[in-house]
Peer 1: 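My structure is below; once you've seen it, I'll send some questions.
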Amino acid sequence: MSDSNTTDFTNPSTFILMGVPGLEAAHVWISILFCTMYAIAVLGNFTILFIVKTVPSLHGPMYYLLFMLAMTDLLVSMTIVPKMLAIYWFSSREIDFSACLTQMYFIHCFSVMESGIFVAMALDRYVAICDPLRHSTILTNSVVAKIGLAVMLRSGLLALPFPLLVRQWPYCRTNIIPQLYCAHMAVVKLACADTRASSYYGLFVVFCVIGLDVIFIAVSYTQILRAIFSLPAKDARLKTFGTCGSHLCAILVFYIPNLFFSLMHRFGQNVPLHFHVLIANVYLLMPPMLNPIIYGVRTKQIRDRLLRLFTHKWT
């Protein structure tokens, strides 16, 4: 006799999200950690959106792309954290099968979108530094809008096969997911069928799509560094390189945890499950939390606007 969680079924009506297996005693502290990260992400990204929208001098290609990045970070954090907190605070572990697939789609969609935005930002920095006299004529508002539309279409289309493939598999083992959200491979592992198509497509997106984005960014910064080091004055080199600092920091925050998680997921069979789950959540929440801080601290125009806002508030 099988219980309700292991009944044979082809398409389960619900999945059970188990949270962080093995760390049940620390669930309160884990929920506080994720709630804090979420609050910082929401407040920080709303602040970036407000500043870019209300300050006319920031209405340019670099800041339009930053606006898109903040919006993407906001959406990805809102896609996963409310359900995480509901699991910890209200023991609301069930998630509808369709809602699970929807969450999976948006997680992948926003992740690919963020990578595409970093590519667009690298293009903006390349044109601004290597061809500054033509920057305003090459990256016009209409061109930036088309780039943004292309980034959104690419991410939307590339994320679509993830839930479509998962939906077609039969599930006859269990409907318990040892995760805080509907991670693609965690759901695929529950299927009792040949799921190599899902695995191969996931590898394709990681290595061929994200990998190509990284190569494009690396090539752009190779040309940028060549242009910077060709400048005669040291002060000019430092000032020019400083305009890339925020972008470089944000790139490292996004791609390094992503790479670490992908490698650990593929080759870390001996790593404890609770560590897998924690890293899977932290790598999704870290960029939305840190990107507003990076741009708020390192970008002079945004930093000055924030200082004026707080000075005006307390005087």
Side-chain angles (χ1 to χ4, degrees), residues 29-86 88-89 103 106-107 109-122 124-125 148 151-152 155 180-181 242-258 261 278-314:
W29 298 107
I30 295 171
S31 70
I32 292 172
L33 170 65
F34 288 143
C35 183
T36 303
M37 295 176 73
Y38 181 56
I40 294 171
V42 171
L43 179 61
N45 285 294
F46 265 123
T47 302
I48 295 291
L49 293 174
F50 173 76
I51 290 175
V52 173
K53 188 177 187 305
T54 56
V55 179
S57 62
L58 300 184
H59 293 176
M62 174 181 165
Y63 297 101
Y64 288 145
L65 294 171
L66 178 57
F67 188 94
M68 286 184 60
L69 180 65
M71 183 65 74
T72 303
D73 282 339
L74 193 61
L75 291 173
V76 74
S77 58
M78 294 175 71
T79 299
I80 58 175
V81 179
K83 183 60 181 177
M84 284 184 192
L85 298 181
Y88 286 127
W89 293 348
Q103 186 188 54
F106 282 117
I107 288 171
C109 179
F110 294 138
S111 295
V112 176
M113 190 180 300
E114 187 147 346
S115 182
I117 293 170
F118 284 131
V119 171
M121 286 179 157
D124 171 69
R125 291 298 84 205
V151 168
M152 288 189 288
S155 59
L180 283 162
Y181 62 90
T243 63
C244 304
S246 300
H247 184 225
L248 284 172
C249 290
I251 286 172
L252 294 175
V253 165
F254 178 76
Y255 287 110
I256 289 180
N258 206 322
F261 175 70
L278 284 173
I279 292 298
N281 289 277
V282 169
Y283 108 90
L284 280 176
L285 288 177
M286 192 180 294
M289 180 186 71
L290 292 181
N291 284 342
I293 298 173
I294 290 169
Y295 280 97
V297 171
R298 293 193 59 88
T299 307
K300 184 177 184 301
Q301 293 89 331
I302 294 176
R303 185 173 66 246
D304 291 346
R305 180 63 178 175
L306 280 171
L307 290 173
R308 282 200 295 271
L309 282 173
F310 284 113
T311 302
H312 177 73
K313 181 178 179 179
W314 296 107

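Predicted model, so just to flag it, every value in this text is computed and none were measured.
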Peer 1: Where do Tyr63 and Val55 land on the side-chain contact (heavy atoms from CB on, under 4.5 Å) test, with the steps shown first?
Peer 2: CA-CA 10 Å; Tyr63 297 101; Val55 179; over 6 Å; no

Peer 1: Check the pair Met121, Met62 against side-chain contact (heavy atoms from CB on, under 4.5 Å), reporting the backbone distance first and the verdict last.
Peer 2: CA-CA 7 Å; Met121 286 179 157; Met62 174 181 165; over 6 Å; no

Peer 1: Rounded to the nearest 0.5 Å, what separates atom CZ in Phe118 from atom CG in Asp124?
Peer 2: 13.5 Å

Peer 1: Under a 4.5 Å cut-off applied to non-hydrogen side-chain atoms, are Leu58 and Tyr64 in contact?
Peer 2: no

Peer 1: Answer yes or no: is there a side-chain heavy-atom contact under 4.5 Å between Phe106 and Val76?
Peer 2: no

Peer 1: Find the distance between CD1 (Ile30) and SG (Cys35) and round it off to the nearest 0.5 Å.
Peer 2: 14.0 Å

Peer 1: Under 3.5 Å, is there a donor-acceptor pair between the side chain of His247 and the main chain of Arg125?
Peer 2: no

Peer 1: Rounded to the nearest 0.5 Å, what separates atom CE in Met71 from atom CG in Leu75?
Peer 2: 6.5 Å

Peer 1: Would you tabulate the side-chain donor-acceptor contacts of residues 279-296 under 3.5 Å, counting partners in other chains and residues two or more places apart, or write 'none'?
Peer 2:
{"from": "Asn281", "atom 1": "ND2", "to": "Val277", "atom 2": "O", "distance (Å)": "2.6"}
{"from": "Asn291", "atom 1": "ND2", "to": "Asp73", "atom 2": "OD2", "distance (Å)": "2.8"}
{"from": "Asn291", "atom 1": "ND2", "to": "Glu114", "atom 2": "OE2", "distance (Å)": "3.3"}
{"from": "Asn291", "atom 1": "ND2", "to": "Pro287", "atom 2": "O", "distance (Å)": "3.2"}

Peer 1: Locate the shortest heavy-atom distance separating Thr79 from Gln103; write the atom from each residue and the value.
Peer 2: O-NE2, 3.1 Å

Peer 1: Would you compute the distance between atom CE of Met37 and atom CD1 of Ile32 and round it to the nearest 0.5 angstrom?
Peer 2: 14.0 Å

Peer 1: Roughly how far, to the nearest 0.5 Å, is CG of Leu180 from CG of Leu278?
Peer 2: 8.0 Å

Peer 1: Distance-only, no hydrogens or angles: does the His59 side chain make a donor-acceptor pair with backbone N or O of Thr54 under 3.5 Å?
Peer 2: no

Peer 1: Which residues pass the side chain to side chain donor-acceptor pair (under 3.5 Å) test with Ser115, sequence neighbours left out?
Peer 2: Asp213, Tyr255

Peer 1: Measure the spacing between OG1 of Thr36 and CZ of Phe34 and express it to the nearest 0.5 Å.
Peer 2: 11.0 Å

Peer 1: Is there a side-chain contact between Met84 and Tyr38 (heavy atoms, below 4.5 Å)?
Peer 2: no

Peer 1: Under the side-chain contact (heavy atoms from CB on, under 4.5 Å) criterion, do Ser31 and Trp89 qualify, and how do the steps go?
Peer 2: CA-CA 8 Å; Ser31 70; Trp89 293 348; 3.3 Å; yes

Peer 1: Kindly give the heavy-atom pair with the smallest separation between Pro82 and Ser77, and that separation in Å.
Peer 2: CD-O, 3.7 Å

Peer 1: Tell me, do Ile302 and Leu66 make a side-chain contact under 4.5 Å, heavy atoms counted?
Peer 2: yes

Peer 1: Mind checking side chain to side chain donor-acceptor pair (under 3.5 Å) for Asn45 and listing every partner two or more places apart, or none if nothing turns up?
Peer 2: none

